[in-house]
Amino acid sequence: MKMKFDGLLMIPGPVHLHERIIRAMSRQMIGHRGKEFSEIMEYCVEGLKELFGTKNDVYIISGSGTAGLEAAIASFSKLRRITCIDNGKFGDRLGRIASRYTEVDVVRFEWGKPVDLEVVENSLAEGSEALAFVHNETSTAMLNPAKELAKLAKKYDALVIMDGITSVGGDEVKMDKWGIDVAIVGSQKCIGIPPGLAAVAVNDNAWNYYSESCPFYLDLAAYRKKLADMQTPYTPAVPLFFALEEALRIIEEEGLENRIKRHRLLSKAVREWAGEAGLRIFPEPDELSDYSNTVTAIRMPEGVTDRDLRGTLLGEYGITISGGQEHLKGRIFRIGNMGNIGKRQMIATLAAVQDVLMRYNACRPALHAAIEILKEL
Ligand SMILES: Cc1ncc(COP(=O)(O)O)c(C=O)c1O
């Protein structure tokens with residue numbers, strides 16, 4: 001196979017890497033029980049706290065986002081029943097993880113449609129002691145109302161577990177203020193480093209639900225114990241810590257507010273372009289939910305296949321975008337703007353997508369509005 005070095009990854013994770021992050025990983029190994037590693041870890045933990053909006057502990061696990069989800073759910077599973085919201089693939093996954101550890105009530109909504117708080121409340125009222133949901137549902141590109149969901153859960157004194165895998169670091173997350181007890185992020189998303197690390201932020205309340213019947217590797221009590229020495233219980237993915245440290249320095253330099261604003265402008269530009277091009281956005285948020293600020297899902301135009309669009313885009317331009325998942329395969333395409341993506345990459349992506357779709361008479365030329373929005377960056 002021909003090697004490609006100039007590709008552009010515009011999927012909702014893993015993301016195109018900042019040059020500084022690539023360089024940060026290219027260095028000699030260090031021991032994970034030494035002072036240098038502890039200093040790196042301390043910087044990473046403090047930086048992640050900012051992204052989560054918490055003053056509580058943050059545990060870093062070597063594993064993908066799902067390892068973080070399973071660690072969170074399994075470690076805090078001493079409860080009778082958990083309500084899991086499913087309005088997309090990752091909500092569905094939460095329910096499937098939770099069902100291994102406790103009784104689950106899955107509250108389902110059509111993918112791409114908003115959650116109905118009344119239905120969630122009924123489930124909580126029927127005796128759930130926890131609520132788990134996805135903040136930014138990547139499969140449908142919709143932002144669920146985290147603050148309102150947490151408030152509702154607290155009315156029933158329920159533990160709140162939030163999958164923030166594709167929101168933390170790219171959108172506003174105020175864990176402590178919103179009343180979220182446990183939140184999870186994955187490294188290859190808005191933080192902008194390669195896949196392989198998950199971070200779990202945990203408040204004191206969550207420990208009331210601690211259960212030893214969790215997988216050994218994912219037992220958060222072991223991570224808590226080792227955090228006192230700024231270490232991890234088992235050998236971590238050290239090069240990813242080098243990357244994480246650099247990513248958090250980049251975030252500090254950019255400023256979290258500016259970073260969130262950049263993500264918002266980039267996704268707004270995609271939506272504006274799609275609207276003007278005559279394409280239809282997939283999710284249908286209500287007044288409480290919103291379009292995702294880190295990924296955009298667009299309905300595949302009539303007469304265009306996934307291969308026509310994504311295959312040509314990759315073959316001719318070296319740009320990768322995502323398709324739909326599960327029953328949305330072939331029905332939507334998704335453009336990610338997570339991490340350190342700038343206007344240059346976004347304009348190139350939209351122009352290339354437009355070029356391919358125009359060959360099928362499937363869209364109008366419409367870059368003007370997107371370019372105007374991106375001038376702010
Ligand atoms: C919202 C959400 N949750 C969970 C996951 C699973 O993360 P991972 O693939 O890193 O295990 C993803 C991955 O795309 C995601 O977007």
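Whatever order the structure lists ligands and atoms in, that order sets their numbers, starting from 1. As a basis for the values below, the full set of heavy atoms in this structure was taken, side chains included, without hydrogen atoms, waters or symmetry mates.
The pair R20-E253 counts as a salt bridge, with a side-chain nitrogen and a carboxylate oxygen less than 4.0 angstrom apart.
Near T166, meaning under 4.0 Å from any of its heavy atoms, are these atoms of ligand 1: 1 (C), 16 (O). With ligand atoms numbered from 1 in the order given, ligand 1 contributes 6 (C), 7 (O), 8 (P), 11 (O) to contacts under 4.0 Å with heavy atoms of T66. Counting atoms of ligand 1 from 1 in the listed order, those under 4.0 Å from a heavy atom of V134 are 1 (C). Near S64, with a cut-off below 4.0 Å to any heavy atom, the atoms of ligand 1 are 8 (P), 10 (O), 11 (O). In the vicinity of T138, heavy-atom distances shorter than 4.0 Å reach the ligand 1 atoms 1 (C), 2 (C), 15 (C), 16 (O).
Residue-to-ligand polar distances keep L69 apart from ligand 1: every N/O pair is separated by 3.5 Å or more.
Under the 30°/60° scheme for interplanar angles, the aromatic rings of W111 and H327 are found to be tilted.
The side chain of I165, and not its backbone, has at least one atom closer than 4.0 Å to an atom of ligand 1 (non-hydrogen atoms only; side chain from C-beta on).
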E50 and R259: CA distance, side-chain angles, deciding distance, salt bridge (charged side-chain N to carboxylate O under 4.0 Å, His left out) verdict: CA-CA 13 Å; E50 288 283 317; R259 187 177 185 84; over 6 Å; no

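Across the listed options K189, R93, H135, K189 owns the non-hydrogen atom lying nearest to atom 14 (O) of ligand 1. Remark: among candidates M338, Q188, K89, Q325, the nearest residue to atom 10 (O) of ligand 1 is Q188, based on non-hydrogen atoms.
Nearest to atom 3 (N) of ligand 1 among the protein's heavy atoms is D163 OD2, 2.6 Å. From the protein, the heavy atom lying nearest to atom 12 (C) of ligand 1 is F90 CE2, 3.3 Å.
A donor-acceptor pair shorter than 3.5 Å can be found between the side chains of N136 and T166. Side-chain atoms of Y317 and D355 include a donor-acceptor pair closer than 3.5 Å. No donor-acceptor contact under 3.5 angstrom links the side chains of D105 and S128, judged on distance only.
In this structure, R249 satisfies the cation-pi test against Y43, with its NZ or CZ atom closer than 6.0 Å to the six-membered ring centre and inside 45 degrees of the ring normal.
Tested against I161, the residues I184, L131, L94 include a single side-chain contact (heavy atoms from CB on, under 4.5 Å) partner, I184.
Residue contact check for ligand 1: N136 places a non-hydrogen atom closer than 4.0 Å to it.
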